[in-house]
Amino acid sequence: MKQRKPEKILTICGTVLFVIGSGLVFLFGTVITNTDFETFLNQSMQQSPAQNIPEQEFQMFFEQAQSINYGMHTGLMLLIAAVGVIALLRRTGDIMSGIFLLAGTGLTVLIFWWLLLPFLPALLYFIAGLMFLLRKPKTV
């Protein structure tokens, strides 16, 4: 029987971090697209005009932040977490598990190149994928 504990631990940690990250993205998207939050920010900007941020630049940033499809990003992060679960649950084929994890890393880099949040779980997937492909397992 092959022992792959380090790879499994890295994959589990990456999957958990992807799930937590998708929850944070969903929460941020829910808050930023809420109209009550927008009126609260506008009132705060009017009450304290001594801020260094010009109002026009703030409005442009806020409109750009609202235009992002946070539901899609949440779903994609959960899909990449599912790729990690599939790689983890494979009974045979360590090479396929490594390929799945490296594919999950590649998808993360391609889709979320602008977002820093999934960097750590993608790094964990990358390390685990390389370990699955390059390391010889100990047999018991």
Side-chain angles (χ1 to χ4, degrees):
M1 181 174 183
K2 297 178 182 178
Q3 295 294 320
R4 293 282 192 174
K5 286 184 182 176
E7 291 91 335
K8 290 178 181 180
I9 290 171
L10 287 172
T11 304
I12 289 170
C13 290
T15 303
V16 167
L17 287 175
F18 267 120
V19 170
I20 291 171
S22 67
L24 290 174
V25 168
F26 179 75
L27 181 67
F28 181 76
T30 303
V31 169
I32 201 81
T33 56
N34 191 348
T35 56
D36 294 335
F37 182 69
E38 184 177 2
T39 52
F40 170 74
L41 284 179
N42 286 333
Q43 289 173 354
S44 297
M45 287 291 289
Q46 291 173 359
Q47 289 176 356
S48 58
Q51 303 220 357
N52 296 335
I53 304 171
E55 188 173 341
Q56 184 180 9
E57 288 182 20
F58 177 76
Q59 288 297 331
M60 273 184 25
F61 168 75
F62 196 72
E63 288 172 6
Q64 287 177 349
Q66 284 184 329
S67 68
I68 297 172
N69 189 349
Y70 293 103
M72 179 185 72
H73 285 83
T74 300
L76 289 172
M77 286 182 82
L78 289 174
L79 177 71
I80 295 171
V83 167
V85 170
I86 290 170
L88 187 65
L89 295 178
R90 292 194 51 85
R91 295 283 179 210
T92 59
D94 293 335
I95 292 175
M96 282 304 291
S97 294
I99 290 172
F100 275 134
L101 291 173
L102 290 177
T105 302
L107 282 173
T108 303
V109 169
L110 287 175
I111 296 170
F112 300 110
W113 59 269
W114 58 276
L115 188 62
L116 192 60
L117 184 67
F119 175 73
L120 181 61
L123 183 64
L124 293 176
Y125 272 15
F126 182 72
I127 293 169
L130 284 180
M131 287 174 74
F132 267 121
L133 292 176
L134 301 177
R135 202 178 122 216
K136 280 192 152 187
K138 295 179 183 177
T139 55
V140 176

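All heavy atoms count here, side chains included; hydrogens, waters and symmetry mates do not.
Hydrophobic clustering of Ile, Leu, Val, Met, Phe, Trp and Tyr side chains at less than 4.5 Å, counting indirect connections, unites I127 with L120. Connection of I80 to L24 is established within a shared hydrophobic cluster, with ILVMFWY side chains joined at heavy-atom distances below 4.5 Å, either directly or through further cluster members. Connection of L17 to L123 is established within a shared hydrophobic cluster, with ILVMFWY side chains joined at heavy-atom distances below 4.5 Å, either directly or through further cluster members. Linking ILVMFWY side-chain heavy atoms closer than 4.5 Å, directly or via other members, places M72 and L117 in a single hydrophobic cluster. Linking Ile, Leu, Val, Met, Phe, Trp and Tyr residues whenever their side-chain heavy atoms come within less than 4.5 Å places I20 and L107 in a single cluster.
Annotation: side chain of T11 is not in contact with side chain of L124 (no heavy-atom distance under 4.5 Å). With a 4.5 Å cut-off on side-chain heavy atoms, F132 and M96 do not count as touching.
One finds the SG atom of C13 at 14.0 Å from the NZ atom of K8 (value rounded to the nearest 0.5 Å). Note that CD1 of I95 is 10.0 Å distant from CG of L134, once rounded to the nearest 0.5 Å. Rounded to the nearest 0.5 Å, atoms CG (N69) and OG1 (T74) are 8.5 Å apart. If you take CG on N34 and OG1 on T30, they are separated by 8.5 Å, rounding to the nearest 0.5 Å.
Atom CZ of F37 has more than 12 heavy atoms from other residues, nucleotides or ligands within 6.0 Å. Within 6.0 Å of CG on L89 lie more than 12 heavy atoms contributed by other residues, nucleotides or ligands.
Taking the six-membered ring for Trp and thresholds of 30 and 60 degrees, F28 and Y70 have ring planes more than 60 degrees apart, a perpendicular arrangement.
Nearest heavy atoms, A81 versus T15: O-CG2, 3.6 Å. Nearest heavy-atom pair, P118 versus M77, reported as atom, atom and distance to 0.1 Å: CB-CE, 4.0 Å. Summarising the geometry of Q66 relative to I32, their closest heavy-atom pair is NE2-O, 3.1 Å, with the distance given to 0.1 Å. Taking each heavy atom of L133 and G98 in turn, the nearest pair found is CG-CA, 4.1 Å. A122 approaches T105 most closely through the heavy-atom pair O-OG1, 3.3 Å. The shortest non-hydrogen separation linking L101 to G84 is CD2-CA, 4.1 Å.
Separation of the Y125 and F18 ring centroids falls under the 6.0 Å cut-off. In this structure, F112 has its ring center under 6.0 Å from that of H73.
Judged by distance alone, with hydrogens and angles left aside, the side-chain atoms of S22 form no donor-acceptor pair with the main-chain N or O of L78 at under 3.5 Å.
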